[in-house]
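A short write-up of the structure that comes next.
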Amino acid sequence: ETGVTQSPTHLIKTRGQQVTLRCSSQSGHNTVSWYQQALGQGPQFIFQYYREEENGRGNFPPRFSGLQFPNYSSELNVNALELDDSALYLCASSLFVSGETQYFGPGTRLLVL
Amino acid sequence: SQQGEEDPQALSIQEGENATMNCSYKTSINNLQWYRQNSGRGLVHLILIRSNEREKHSGRLRVTLDTSKKSSSLLITASRAADTASYFCATDDSGGGADGLTFGKGTHLIIQP
């Protein structure tokens with residue numbers, strides 16, 4: 001158990017819809033990162049939030065956006081869903097902004113039809 | 001994009017044998033980490049090795065790092081059925097900025113009882 005929780009566990013949407021995924025960080029962690037993991041692939045970095053500000057972003061379009069709240073919980077929003085957005089979405093919390101050990105939640109599996 | 005690759009992609013061994021997985025990467029790094037993932041769920045951090053370290057141990061795990069060859073290996077000794085999982089290496093690249101961890105595609109390890 002990493003102390004990181006995500007909701008929902010599974011989600012089915014149709015193309016063009018919008019989705020919000022939620023993450024609760026491990027207590028005391030002020031940094032959260034989101035990753036997308038397609039089937040059979042390793043996770044890919046979407047973005048990172050530190051103290052409620054986005055401070056790093058991977059190669060994902062602007063329709064992927066996020067929020068981090070004062071209690072360090074966070075959201076990942078995806079607009080105009082595409083079929084290729086079907087994946088496991090993982091959030092990870094850490095103590096520091098740099099690439100130290102990250103504590104992953106169980107993930108949300110999103111299916112876009 | 002993926003930073004590098006794990007080798008082999010899949011490995012099946014008998015319980016009690018040792019398992020070795022290799023990872024290659026492309027850029028300069030601050031550290032390299034190994035994670036385990038069971039059945040498409042969240043990732044569990046196993047071990048972190050810094051760029052100025054050559055070898056590290058944790059229980060039945062032994063990790064080596066060769067920065068001149070941009071490669072790392074993970075050795076699991078005296079394997080158990082519970083070690084069946086996918087194993088990923090992840091690098092914290094030293095290019096600066098908060099760009100998260102860069103993962104490989106993983107090695108799927110099966111321990112036969």
Side-chain angles (χ1 to χ4, degrees), chain A residues 1-7 9-10 23-24 26 30-51 53-60 66 68 86-111, chain B residues 1-7 9-10 21 23-51 53 56 58 61 63 72 74 85-108:
Chain A
E1 287 291 331
T2 63
V4 179
T5 60
Q6 291 186 244
S7 63
T9 56
H10 295 82
C23 172
S24 178
Q26 188 175 110
N30 56 18
T31 303
V32 65
S33 302
W34 284 90
Y35 292 82
Q36 180 195 66
Q37 186 179 21
L39 204 59
Q41 302 292 315
Q44 291 207 352
F45 175 68
I46 302 174
F47 46 56
Q48 183 179 88
Y49 276 77
Y50 171 68
R51 292 186 174 179
E53 298 280 338
E54 181 182 306
N55 74 329
R57 189 176 186 94
N59 189 25
F60 280 81
Q68 187 183 30
S86 295
L88 181 68
Y89 288 86
L90 298 160
C91 77
S93 72
S94 57
L95 262 177
F96 305 107
V97 171
S98 64
E100 295 291 317
T101 299
Q102 299 197 11
Y103 297 86
F104 283 83
T108 293
R109 188 162 296 282
L110 172 65
L111 177 61
Chain B
S1 61
Q2 308 287 158
Q3 156 75 295
E5 305 216 347
E6 285 89 342
D7 169 51
Q9 290 186 349
M21 288 159 270
C23 166
S24 61
Y25 59 91
K26 297 174 183 173
T27 63
S28 297
I29 62 172
N30 293 319
N31 66 62
L32 184 144
Q33 303 173 39
W34 285 89
Y35 287 83
R36 186 185 74 223
Q37 184 176 41
N38 291 84
S39 301
R41 300 295 287 167
L43 281 77
V44 175
H45 180 260
L46 296 176
I47 197 165
L48 180 154
I49 185 167
R50 302 193 184 281
S51 60
E53 297 175 310
K56 204 161 183 180
S58 176
L61 306 180
V63 169
S72 173
L74 170 68
S86 292
Y87 292 81
F88 294 90
C89 68
T91 54
D92 173 29
D93 303 333
S94 60
D99 49 6
L101 297 177
T102 306
F103 285 83
K105 293 184 179 181
T107 291
H108 185 52

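In what follows, every chain begins at residue 1, and chains take the letters A, B, ... in the order their sequences are listed.
Within the 4.5 angstrom heavy-atom criterion, no atom of B/Gln9 approaches chain A. Contact of A/Phe47 with chain B is not made at all, since no heavy-atom distance falls under 4.5 Å. Of the two parts of B/Leu43, the backbone and the side chain both hold a non-hydrogen atom closer than 4.5 Å to a non-hydrogen atom of chain A. Contact annotation for A/Gln6: neither backbone nor side-chain heavy atoms come within less than 4.5 Å of a heavy atom of chain B.
Looking only at side-chain heavy atoms (C-beta outward), B/Glu6 and B/Tyr87 stay at 4.5 Å or farther from each other. A heavy-atom distance below 4.5 Å is found between the side chains of B/Val63 and B/Ser72. Taking 4.5 Å as the limit, every side-chain heavy atom of B/Leu74 sits out of range of all side-chain heavy atoms of B/Cys23.
When each of A/Ser33, A/Pro43, A/Pro106 is checked for a side-chain contact (heavy atoms from CB on, under 4.5 Å) with A/Leu90, only A/Pro43 meets the rule.
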